[in-house]
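Following: one structure in C-alpha cells, then a few remarks.
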Amino acid sequence: MGLDLKPLITSTPIKLAELSGKVVAIDAFNTIYQFLSTIRGPTGELLMNGRGEVTSHLSGLFYRNVNLLAENIKPVYVFDGKMHALKAQEIERRSKLKQEAVAQYNHALEEGRMEDAVKYGKRTSVLTDSMVEESKMLLAALGIPYVQAPADGEAAAAHLTKTGVAYASASQDYDSILFGARRLVRNLAASGRRKVPGKNTYIDVEPEIIEHDNVLKETGLTHEQLVDVGILIGTDFNPGGFPGIGPKTAIKLIKENGRLENVEKVKSQLAEVPYQEIRDIFLKPEVPKSDGVSFGEVSREKILDFLCVQKSFSTDRVAGMLDKLQKAQESRSQSLEKWFG
DNA sequence: CTGGGGCA
DNA sequence: TGCCCCAGG
C-alpha cells in the first residue's frame, strides 16, 4: 500500500481555487480504484446499471472531473503501463487480502451484518480492462487528455511535473515524491467531508499540497537519501521494508550514515534486498516518450449517449451537471472579456 | 464520492 | 443557510 512517508512530511492545506488554471497529473488507477472502493450501495455492492454493468468508476470520474473543470483545473490522467517485476510480490499480497475480503464480505452478507459487509466490500474492488477502456472513453468525451505510461503511472505523472507540463501530481500515495514529483496534491476532491470507516462520525478532509523542495529542506536529505529512507520503511518493490524500522528510525539512520550501505543495523539483511534496482526505479524511471497533452471541448452529446443511453445514468442529473459546468466556463470567459475586451 | 432533499 | 442523510446505477 504505497509507502508511509506521512510522519516525515509536512503538507499545506490548499483551496481548490488555488489550482485554477493549473494542469494536474492524476494517477488514473489510484483514482479509479478509490471510486470502486467508495462508491457503493447500502449493502456494500458496486453501483450497476440494469444489465449488471459496474458504473461506480464512471460516476466518480464524471462528478469529480466536472467539478475540477468548473474550478478551471486541468486534469491529465496517467494510466499505468507494464508492472515492474519487483512489484509482483506486493500485487500477490494485495490479491490475497482481496480473496479474504471476498469471503468475509459474503459471510457478513449471509449473517445480515451490513456494516461489516460495506467494510469488507470496499476491500474487494478489482479494476478490469473494460473499466479502464470506459474511463478513457468518458475522459475523451470530457475533453480531458490521458497519457499511457510505459511503466509506473506515478513515475510518469512525476515526470510531467518535472518537464513543466503539469504543476503537480495528484495521488493519495506518497510514491510521487520518491519519483521526484515537484509537487504532490492529496485529497484532490470537491467535498470537504468524508465519512470515517466504522463510525457515524465525519472528518474534514481538505486538499493538501506537498512540495518536493520543502521535503528535502525540512528533512535535510537529498532525493537519493529520501529514496533510501523509503527503501528502509518499505516500498511497493520491497513491501514491509526492514523489520523494526519505521519512518522515524529510517530517517535517523540515513542522516547518521549517509546511505543504505553504511547502515550497520541492516548490513546483514541488505544482500537479500535489490536496493540498487529499487533506487533506479525511483531515480531513473521509465517515462513517456512524448510530453505533449492537449485539452478538448466537453462533448455534451457523447457524454449523454455514453452515460445515460448506454449506462442508464439519470439524464436530468447528468445534463444538470453539464449545465453547471457550462455556466462556470461561460462566466469565466465573460470575466476575461471585461479585462481584455 | 457527490448532489440534492428534508429539516432546524 | 448549514447540516445530516440517503440514493445514485
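The shown structure was predicted, so the numbers you read here are calculated from the model rather than taken from an experiment. We name chains A, B, ... by the order of the sequence lines, and we start the count at 1 in each one.
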> Should A:Asn67 be listed as having a side-chain N or O under 4.0 Å from OP1 or OP2 of B:dG3?
Replying inline: yes
> Should A:Val24 and A:Ile177 be counted in the same cluster of Ile, Leu, Val, Met, Phe, Trp and Tyr side chains packed under 4.5 Å apart?
Replying inline: no
> Which one of A:Phe237, A:Phe282, A:Tyr174 satisfies the ring pair (Phe, Tyr, Trp, His ring centres under 6.0 Å) criterion with A:Phe179?
Replying inline: A:Phe282
> What is the distance from CG of A:Leu46 to P of C:dG9, rounded to the nearest Å?
Replying inline: 15 Å
> How would you list all residue pairs meeting salt bridge (charged side-chain N to carboxylate O under 4.0 Å, His left out) that involve residues 209-225 of chain A, not counting sequence neighbours?
Replying inline: A:Arg182-A:Asp213, A:Arg183-A:Glu211
> For A:Arg259, does its backbone N or O pair with a side-chain atom of A:Asp228 as donor and acceptor, under 3.5 Å?
Replying inline: no
> How many Å lie between CZ on A:Phe313 and C1' on C:dA7, as a whole number?
Replying inline: 13 Å
> For residues 318-330 of chain A, which residues have at least one heavy atom under 4.0 Å from DNA chain B?
Replying inline: A:Met321, A:Lys324
> How many Å lie between CZ on A:Phe35 and P on B:dG3, as a whole number?
Replying inline: 11 Å
> Is the phosphate of B:dT2, meaning OP1 or OP2, less than 4.0 Å from a side-chain N or O of A:Arg64?
Replying inline: yes
> Can you tell me how far P of B:dT2 sits from CG of A:Leu69, to the nearest Å?
Replying inline: 13 Å
>> Any side-chain to backbone donor/acceptor pair from A:Ser169 onto A:Leu184? Under 3.5 Å, distance only.
In response: no
> Should A:His212 and A:Thr161 count as side-chain neighbours, where that means a heavy-atom distance under 4.5 Å?
Replying inline: no
>> At 4.0 Å (heavy atoms only), tell me whether A:Thr38 reaches a base, stays on the sugar-phosphate, or touches nothing.
In response: base
> Whole Å only: how far is the CG atom of A:Leu307 from the P atom of C:dG8?
Replying inline: 16 Å
> Could you give the CG-to-P distance, from A:Asn65 to B:dG3, as a whole number of Å?
Replying inline: 12 Å
> How would you label the contact of A:Ser314 with the nucleic acid (heavy atoms, under 4.0 Å): base, sugar-phosphate, or nothing?
Replying inline: sugar-phosphate
> Whole Å only: how far is the CG atom of A:Asp316 from the C1' atom of B:dG5?
Replying inline: 15 Å
>> For A:Lys267, give me all partners under salt bridge (charged side-chain N to carboxylate O under 4.0 Å, His left out), at least two apart in sequence or on another chain.
In response: A:Glu264
> Counting any heavy atom closer than 4.0 Å, what does A:Leu58 reach on the DNA or RNA strands: base, sugar-phosphate only, or nothing?
Replying inline: nothing
>> Between C1' on B:dC1 and CZ on A:Arg317, what's the gap in Å once rounded to a whole number?
In response: 12 Å
